[in-house]
A.B. asks: 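Just dropping this structure here.
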Amino acid sequence: MTTGLEALRRAYEVGLLLLFAVVLVRSGRTRGATVTGRELAFGFAVSQGVELLAVGLGRYSYPDWLLYFPPRPAWVPLGVGLGWAALLPCVMRLSERILGSSAKRLHLAALDGAMAVGLDLVLDPAVSGEPLRMWLWAGEGMVPYRRWLLGVPVFNFVGWFLLVGASSLQLRWAEASRAGWRWLGLFLLMNLAIAAAVMQLPW
Amino acid sequence: MIRRAWRRLCEDFELFLFAYFGVCAAVLAALVGRPWLGAIGLLTVAPFLGLAWLRGRR
């Protein structure tokens, strides 16, 4: 691998960590430590959990990253979960701005998912395709895909829409309900179960 | 002017952040030799940014 590509790979990974730090500070100042902690921790747990599940089930792999979480087995980079956790509140606030914060939660969640997919339509093909290949969709022992879009399995875009939509729906419900945040642990397990089922479909 | 820009950035943080995501992804696509992919990305991100910006001005 050339030095330029290696630098770009490292920059992408470090960029994800910095992005999370910026969102953490901003959210902490505007929404308070409790809500921020809850939103980011939930986003990270859902994302990292689903990614671990996907790698474990042979849907994709993340070779040659600097930091993995958990460190052993080195399956999912820390930056992936943190980056995803940082994106979630961003699309949630934008949806509330577009539709109004009193809009139906389902409509807001659908818009959240659509925005995330809109971004992912360029991000995923650019980063997982040649020459960066920061994650791989095919390889030894991995499940082959049938349907592709822009060099990325359609499964990925559907997954982003479902995961972002479901997580934002659950977070909004939890924040609006008294002690609803206690349900977030259950939602996490539910999301993992649904994700595992979706991953078994013939994509 | 810098202070005004900073205040604007703080007020519209999520808007700028999402625009930053879109631009970064497009630049990255161009850097790896697929500028057309970046153009697609800008097209899929821009409508949301436009809507959010218009709503914010009301």
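Proteins come first, then strands; the chains are lettered A, B, ... in the order of their sequence lines, and each starts at number 1.
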A.B. asks: Answer whether the closest heavy-atom distance between the side chains of B:F21 and A:C90 falls below 4.5 Å.
C.D. replies: yes
A.B. asks: Around atom OH of A:Y145, are there more than 12 heavy atoms from other residues, nucleotides or ligands closer than 6.0 Å?
C.D. replies: yes
A.B. asks: Tell me whether the count of non-hydrogen atoms from other residues, nucleotides or ligands lying under 6.0 Å of CH2 in A:W148 goes above 12.
C.D. replies: yes
A.B. asks: Checking an interface table here. Which of residues 118-130 of chain A come within a heavy-atom distance under 4.5 Å of chain B?
C.D. replies: A:G118, A:L119, A:L121, A:V122, A:L123, A:P125, A:A126, A:V127, A:G129, A:E130
A.B. asks: Is there a side-chain contact between A:L111 and B:F48 in this structure, where contact means two heavy atoms from C-beta onward sitting under 4.5 Å apart?
C.D. replies: yes
A.B. asks: Heavy-atom cut-off 4.5 Å, strictly under: side chain, backbone, both or neither for B:L51 against chain A?
C.D. replies: both
A.B. asks: Would you mind checking which part of B:L31 comes under 4.5 Å of any heavy atom in chain A, side chain (CB onward), backbone (N, CA, C, O), both or neither?
C.D. replies: side chain
A.B. asks: Does B:L43 CG have over 12 foreign heavy atoms under 6.0 Å away?
C.D. replies: yes
A.B. asks: Which pairs count as side-chain hydrogen bond (donor to acceptor under 3.5 Å, both in side chains) when at least one residue sits in residues 14-38 of chain B, sequence neighbours excluded?
C.D. replies: none
A.B. asks: How many angstroms lie between CG in B:L17 and CZ in A:R93, if you round to the nearest 0.5 Å?
C.D. replies: 12.0 Å
A.B. asks: Return each pair, listed once, that meets side-chain hydrogen bond (donor to acceptor under 3.5 Å, both in side chains) where at least one residue sits in residues 47-56 of chain A; pairs must be two or more places apart or across chains.
C.D. replies: A:E51-A:Y60, A:E51-A:Y62
A.B. asks: Report, by ascending residue number, the residues of residues 13-46 of chain A in heavy-atom contact with chain B at a distance under 4.5 Å; give 'none' if the set is empty.
C.D. replies: A:L19, A:V22, A:V23, A:R26
A.B. asks: Counting only non-hydrogen atoms closer than 4.5 Å, does B:C10 touch chain A with its backbone (N, CA, C, O), its side chain (CB onward), both, or neither?
C.D. replies: both
A.B. asks: Side chain, backbone, both or neither: which part of A:A11 has an atom under 4.5 Å from a heavy atom of chain B?
C.D. replies: neither
A.B. asks: Please name the pair of heavy atoms, one in B:D12 and one in A:R97, separated by the smallest distance, quoted to 0.1 Å.
C.D. replies: OD1-NH1, 2.9 Å
A.B. asks: If I measure from the heavy atoms of chain B, does A:V117 come under 4.5 Å with its side chain, its backbone, both, or neither?
C.D. replies: neither
